[in-house]
Amino acid sequence: GVTQTPNPRTRRRFPAAVSGHALRREIVATALTNRAVNVAGVTGLFRLTEETGVPLTGVVRAHAVARAVFDVDRLWDAVRPLDNRVPATTQVELRTEATRLAERAARWLLRLPELTAAEPAPLGDLTDRFAAPVAAVRAGLPSWLLGAEATAQAERTVRLQRAGVPEALAEEVAAAPLLPAALDLALVAERTGAPIGLAGRVHQAVAERLALVPLRELVVALPRDRRWPAMARASLRDDLAAEQAALTAEVLGGRSGDAEEAGELVARWVSGWDGTQQRAAAQLIDIAAGDRQELAELLVAVRTLRGLRRRA
């Protein structure tokens, strides 16, 4: 379970009194509900329930784990001291990124059987499983980014700083849209035994080689003004991320040691492509080069990406 009260200082000063309090469960439920609604918004948890089919209790659990793993509550609370110091629109942007990070991470976590089972795993166990890899990705990500993605992240950081956001917070918020990939990288590291840093660099090198960054931007640009288009967009984005993670694991499977460079590993993987894989990669780059693509073309792109996996 989660031990949480409205005031963490009270919990630290009186741990025995808090854990033995007659209304402990009610206090925890109230604190969790208030924080979840604050971060997710009035309809956020309901929307996740509708889109995933998971009961509300499971969605709340996933949201709590997501906030703990990504330290979203700290990110959310860091905005309050900026009152009257930065434009209100900037504060809204900062909190919107915190909301989106928690939502996307919760959506990913809801795919785990141990979270949605009839007897789900303790939240603390899931938090412990992912907290360290996510922290490592957060620390290393700025140095792993390549090409246009590195430029865009740097430009957004500078823009937020010019608006008055402290440097550390600006850097963290600028990277927030990329952080959900840390969950995929955690599983890739588990399955391949690769260091999280190497997995992260290979993940970026694969994206650069296959033009996955502009492809992802095309997916993000799809309309989401109605329920079904929004669900299709979210599903396509998740599928794209899953395929990138699967290819990252495949590339890491060809390493002879953990000291190899990510670029060398990807180049070796590419050199082993057959004709079908070469055509698939060319088709991906062609689709990603478009200014705008419809859902049908992007569905083909994800199917094409899946075709790059090594045949058994």
Side-chain angles (χ1 to χ4, degrees), residues 65-66 68-71 101 104-109 111-112 114-115 125-150 152-154 171-172 174-216 219 237-273 277 281 284 302 305-310 312:
V65 173
V69 166
F70 287 91
D71 210 5
L101 176 57
R104 289 181 59 199
R107 187 192 305 276
W108 188 99
L109 289 164
R111 303 201 302 257
L112 296 178
E114 50 265 54
L115 187 60
D125 290 354
L126 289 169
T127 300
D128 291 343
R129 178 183 178 186
F130 291 106
V134 166
V137 172
R138 176 184 279 117
L141 185 62
S143 66
W144 302 341
L145 297 178
L146 301 169
E149 193 156 54
Q153 197 266 349
E171 290 177 350
E172 190 169 359
L178 307 176
L179 276 181
L183 296 169
D184 286 315
L185 289 173
L187 291 190
V188 168
E190 286 180 3
R191 292 168 182 167
T192 65
I196 194 75
L198 179 59
R201 288 189 293 272
V202 168
H203 191 260
Q204 291 298 318
V206 167
E208 185 74 5
R209 176 60 181 80
L210 299 175
L212 299 187
V213 173
L215 190 60
R216 186 183 67 228
V219 172
R237 188 175 188 173
D238 290 345
D239 288 347
L240 181 60
E243 290 304 321
Q244 184 178 352
L247 292 176
T248 298
E250 184 170 305
V251 172
L252 287 167
R255 74 190 191 283
S256 58
D258 293 337
E260 291 188 81
E261 293 292 329
E264 295 174 359
L265 289 172
V266 172
R268 187 187 309 154
W269 173 63
V270 170
S271 69
W273 284 349
Q277 290 170 305
L284 275 174
V302 173
L305 186 62
R306 191 172 297 127
L308 280 169
R309 293 195 206 175
R310 183 182 296 116

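Everything quoted here is computed from the prediction, not taken from an experiment. All values below come from the heavy atoms of this structure, side chains included, with hydrogens, waters and symmetry mates left out.
- Within the 4.5 Å cutoff, no side-chain heavy atoms of Arg237 are placed close to those of Arg107.
- Atom CG of residue Leu252 and atom CG of residue Leu247 lie 11.0 Å apart, to the nearest 0.5 angstrom.
- In plain terms, the two heavy atoms of Glu260 and Gly257 that are nearest each other are OE2-N, 3.3 Å.
- Here the shortest heavy-atom pairing between Leu101 and Ala176 reads CD1-O, 3.9 Å.
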Practice prompt. Before giving the answer on side chain to side chain contact (heavy atoms under 4.5 Å, CB included), spell out for Leu187 and Trp108 the whole-Å C-alpha distance, their side-chain angles and the decisive distance to 0.1 Å.
Written response: CA-CA 12 Å; Leu187 291 190; Trp108 188 99; 3.5 Å; yes
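- With salt bridges taken as basic N to acidic carboxylate O contacts below 4.0 Å, one links Glu243 and Arg309.
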Item to complete: Quick one: do Phe70 and Val134 satisfy side chain to side chain contact (heavy atoms under 4.5 Å, CB included)? Show the steps, please.
Response: CA-CA 7 Å; Phe70 287 91; Val134 166; 3.5 Å; yes
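- Between Phe130 and Ala186 the shortest heavy-atom distance is CD2-CB, 3.8 Å.
- Residue-environment remark: CZ (Arg191) stays at or below the threshold of 12 foreign heavy atoms within 6.0 Å.
- Closest approach of Ala189 and Ile196 over heavy atoms only: CB-CD1, 4.1 Å.
- In this structure, CD in Gln244 is found 12.0 Å from CG in Leu308, a value given to the nearest 0.5 Å.
- Tested against Val65, the residues Leu109, Leu112, Asp125 include a single side-chain contact (heavy atoms from CB on, under 4.5 Å) partner, Leu109.
- Minimum heavy-atom separation, Ala199 to Val188: CB-CG1, 4.3 Å.
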Worksheet item: Where do Arg201 and Val266 land on the side chain to side chain contact (heavy atoms under 4.5 Å, CB included) test, with the steps shown first?
Response: CA-CA 10 Å; Arg201 288 189 293 272; Val266 172; over 6 Å; no
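- Atoms CG and OG1, on Leu265 and Thr248 in that order, are 11.0 Å from each other to the nearest 0.5 Å.
- Distance check, rounded to the nearest 0.5 Å: CD of Gln204 to CG of Leu141 gives 6.0 Å.
- Counting heavy-atom neighbours within 6.0 Å of Glu190 CD, excluding the residue itself, gives a total above 12.
- With values rounded to the nearest 0.5 angstrom, Leu210 atom CG is found 9.5 Å from Leu215 atom CG.
- Of the possible donor and acceptor atoms, one in the side chain of Arg104 sits under 3.5 Å from a partner among the backbone N and O of Pro177.
- Of all non-hydrogen atoms in Asp184 and Ala245, the two that sit nearest each other are CB-CB, 3.8 Å.
- A distance of 10.0 Å separates CG in Leu178 from NE2 in His203, rounded to the nearest 0.5 Å.
- The closest side-chain heavy-atom distance from Arg255 to Leu198 is below 4.5 Å.
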